[in-house]
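All chains are named by letter (A, B, ...) in the order of the sequence lines, taking the proteins before the strands, and each is independently numbered beginning at 1.
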Amino acid sequence: MAEGAKSMDAIMALCKRRGFIYQASEIYGGINGFWDYGPLGAQLKKNLREAWWQDMIMNPCWGRKGPNGQRVRCVPVETRIVQHPKVWEASGHVGGFNDPMVDCKETKQRYRYDHVSVYVPSSGDAGDKPFFAFMKDSPSETKQLKKAEKAFGQVRTVPLTSMPVTDFAKVLAPDAEKVGSLTEPRQFNLMFKTYIGATASEDDKAYLRPETAQGIFVQFKNVVDTTRVKIPFGIGNTGTSFRNEVTPRNFTFRSREFDQAELEFFCHPSESVEWYKFWRDFRMEWWKSIGLAGENLILREHEKDELSHYSQGTSDVEYRFPFTAPGFGELEGIAHRGDYDLKQHQEHSKTKLQYFDATRGELAPNGQPKGEWYLPHCIEPAAGLDRGVLALICEGYTKDETRPSPEFLKLHPRLSPIKAAVFPLVAKDGMPEVAEKLHAELTEKFWRVGMIDFDEKQSIGKRYARMDEAGTPFCFTIDGQTLQDQTVTVRDRDTGKQDRIGIDKAGQFLVDRLGV
RNA sequence: GCGGGUGUAGCUCAGUGGUAGAGCGUCAGCCUUCCAAGCUGAAUGUCGAGGGUUCAAAUCCCUUCGCCCGCUCCA
């Protein structure tokens, strides 16, 4: 790698040191899979969410036109973490959110239940001999085949799922020496359970949502009926989701509680593939625009055999995190979901979710279209905000031993929690007073988008270094010359270079660079 | 869930049975006219937690929790 491998330990240390990310409940020993944001992290994440909201909902795709030649239109919703339990039955999360696994008690291997195959005798009766389990395309396949042929002669292959669990006692696991080491299949349901009502019983069972998207589908009809939206249009939803990950890992990357920013874009089936490509490309461009430009970001189109049965295309925006390198980790999935979700909810809720499109259908005698009822197809760009924050921090984290401040965070000015800092070069000769005035002025102007810092303590070098670690892009310094000609120096975080500008131009300088 | 590693100040770590330490950071004062500079001083510790052995445990034993890595899995 050109810039050398970044150390995740160093990044995590900086995150804590500067107040970006803390372990949740740390003073109680921490809690696996949960992370809190400190002052700078909270602001950074808010800025990321805001950027998403602005560029997806308020001014979708920066005002550009979609494949239909018109401006992209999107509206927001905010739906609840707890929904009717049937929502998750309809969505498929209750049934198949995770695959059952079987464990081998002898080898401690874990296998996906539906991936294990078994050699059985063609005759069907194994007598007192074992069944030989194996994993396709693994060494166990040929090894077990030899044993099975020796035992039975003619063999055939059946999936483990077709065998009664009571027969597991006779199964020789793929890499085991003794028979009967496989546990019964265990269902891992990743959904958090909760109970509604103060006298909670099993009958009151509900779930914390595993994704925000379903809230959109469930309210699709209300949005169409009440807000004069016309297809094609999108509905955005952001918020917290929960998944009981088997293995929370890699800092905040796989957390059990995390925030998503999801858009469901509804369109006519005939235009869905074009919209899919449009969103896929825009979402990639968007991540680049906020600072993930470079070879660490890729758009990966799923292979045909990776696609869900209903999908005509899915791609992931993936970032090369230090812990995934040389591989990549998913930041966002852009999926063509067809009409799968609306159809599911239509069936389960017995509520008509079809859309009446007055611009389509045959022409009536008066020349107007008769209209067409259809279930819209849906394009789903679903981003992980915590993963986004982590990617921004990893990408921004830079180590350069030749600098006076060897560690710094190259955050895009639009995302940086502290937008600028104001320093008196020394805390005397009237400089603090001038600096405080500028600080107040800039705060007044920029508090909506981020913090403006003021610091007069210690040496100027330490103050620059602190701001470098916080990812603050610009520092204004009041010096002796300021008092004579009303100019200040502005220092660039990434280059350390300084320019001198009029003190009255500082605000405009930031406006030009913050993307506000 | 399994295996390996690890846990001492905000951070990085030293401390192998006998008074809890260092560097950096932080804070205060002095100094200082541009890059973690210098001087002086200060604060900060359930030694991850619980139990055991011992006259005495950060140190030995058991249990447990968190984090990191691998397996597995996955957005």
Side-chain angles (χ1 to χ4, degrees), chain A residues 7-10 12-19 22-35 38 97-112 115 135 175 183 186 188 190 210-213 241 243-251 253-256 258 260 262 314 316-318 322-323 329-335 380 382-388 402-408 423-429 431 456-469 475-483 488-491 493 495-498 500:
Chain A
S7 152
M8 209 55 216
D9 285 346
M12 289 169 69
L14 185 144
C15 280
K16 177 164 188 187
R17 187 166 70 239
R18 288 298 162 194
Y22 307 130
Q23 197 179 10
S25 306
E26 189 183 277
I27 62 170
Y28 287 99
I31 178 164
N32 196 357
F34 297 87
W35 300 88
F97 191 34
N98 202 22
D99 303 297
M101 311 287 293
V102 292
D103 290 328
C104 175
K105 285 179 281 194
E106 180 185 325
T107 64
K108 310 299 183 195
Q109 294 278 308
R110 172 174 288 173
Y111 309 98
R112 250 179 77 168
H115 283 188
M135 299 295 288
D175 305 296
T183 64
R186 287 189 291 174
F188 288 78
L190 297 195
E211 62 173 35
T212 55
S241 296
R243 296 185 192 175
N244 259 320
E245 293 298 338
V246 179
T247 316
R249 244 340 133 70
N250 293 326
F251 204 19
F253 183 78
R254 182 165 297 126
S255 297
R256 287 182 163 143
F258 57 101
Q260 295 183 296
E262 298 195 283
T314 297
D316 290 341
V317 176
E318 297 186 333
F323 49 80
E330 182 180 344
L331 285 184
E332 169 161 352
I334 301 99
E380 176 189 86
L385 290 177
D386 302 86
R387 288 184 174 186
T402 66
R403 286 168 59 109
S405 55
E407 284 181 285
F408 64 113
F423 304 146
L425 181 58
V426 290
K428 62 176 187 184
D429 299 341
M431 291 180 209
E456 60 178 354
K457 296 293 186 183
Q458 299 164 320
S459 70
I460 190 75
K462 283 193 185 187
R463 287 178 268 161
Y464 285 144
R466 275 197 283 262
M467 285 299 113
D468 282 347
E469 283 199 347
C475 295
F476 298 103
T477 300
I478 279 67
D479 58 13
Q481 192 178 331
T482 309
L483 307 174
V488 297
T489 62
V490 52
R491 170 185 177 274
R493 172 197 64 204
T495 62
K497 273 179 57 183
Q498 296 183 66
R500 188 164 276 278

**Student:** When you get a sec, tell me which of B/rG10, B/rC67, B/rA36 is the closest nucleotide to the side chain of A/E469?
**Tutor:** B/rA36
**Student:** Does the side chain of A/K457 get closer than 4.0 angstrom to OP1 or OP2 of B/rG29 through an N or O atom?
**Tutor:** yes
**Student:** Within the structure, does a side-chain N or O atom of A/N32 lie under 4.0 Å from either OP1 or OP2 of B/rC65?
**Tutor:** no
**Student:** Judged by each residue's nearest nucleotide on RNA chain B, which is more toward the 5′ side, A/L483 or A/E407?
**Tutor:**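 Checking each residue's closest nucleotide, the 5'-ward one belongs to A/L483.
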**Student:** Do A/Y28 and B/rC65 share a donor-acceptor pair, side chain to base, under 3.5 Å?
**Tutor:** no
**Student:** Using atom P in both nucleotides, what's the gap between B/rA36 and B/rC24 to the nearest angstrom?
**Tutor:**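 Pairwise P distance, B/rA36 against B/rC24, rounds to 14 Å.
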**Student:** Give the nucleotide from the list B/rG66, B/rU33, B/rC34 with an atom nearest to the side chain of A/M431.
**Tutor:**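 Selected nucleotide (nearest to the side chain): B/rU33.
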**Student:** Side chain of A/S405: nearest nucleotide among B/rC34, B/rA36, B/rU32?
**Tutor:** B/rA36
**Student:** Which part of the nucleic acid does A/S255 contact within heavy-atom distance under 4.0 Å: base, sugar-phosphate only, or nothing?
**Tutor:**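 Touches a base.
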**Student:** From the list B/rU32, B/rC68, B/rC35, which nucleotide is the closest neighbour of the side chain of A/M12?
**Tutor:**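 Given the options B/rU32, B/rC68, B/rC35, the side chain of A/M12 is closest to B/rC68.
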**Student:** Measure from the side chain of A/W35, starting at C-beta and using heavy atoms only, and say which of B/rC67, B/rC35, B/rA36 lies closest.
**Tutor:** B/rC67
**Student:** State which residues pass side chain to side chain donor-acceptor pair (under 3.5 Å) with A/R500; sequence neighbours excluded, sorted by chain then number.
**Tutor:**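 A/D479, A/Q481, A/T487.
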**Student:** From the list B/rG70, B/rC34, B/rU32, which nucleotide is the closest neighbour of the side chain of A/R249?
**Tutor:**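 The listed nucleotide nearest to A/R249's side chain is B/rG70.
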**Student:** Go through B/rU33, B/rA37, B/rC69 for me and flag the one nearest to the A/D429 side chain.
**Tutor:** B/rU33
**Student:** Nearest to the A/Q458 side chain among B/rA36, B/rU33, B/rC27, which nucleotide is it?
**Tutor:** B/rC27
**Student:** By nearest atom, which of the nucleotides B/rA28, B/rA36, B/rC68 is closest to the A/K462 side chain?
**Tutor:**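 Of B/rA28, B/rA36, B/rC68, B/rA36 is nearest to the side chain of A/K462.
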**Student:** Among B/rU33, B/rC34, B/rC67, find the nucleotide with the atom closest to the side chain of A/R500.
**Tutor:** B/rC34
**Student:** When you compare B/rG1 with B/rA20, how far apart are their C1' atoms, in angstrom units rounded to a whole number?
**Tutor:**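 One C1' to the other, the span is 38 Å.
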**Student:** Mind checking A/E245 for me? I need base, sugar-phosphate or nothing, with any heavy atom below 4.0 Å counting as a touch.
**Tutor:**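 Base: the residue A/E245, judged by heavy atoms under 4.0 Å, touches a nucleobase.
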**Student:** Can you check whether A/K16 has a side-chain N or O nearer than 4.0 Å to OP1 or OP2 of B/rC11?
**Tutor:**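 Yes, A/K16 has a side-chain N/O under 4.0 Å of OP1/OP2 on B/rC11.
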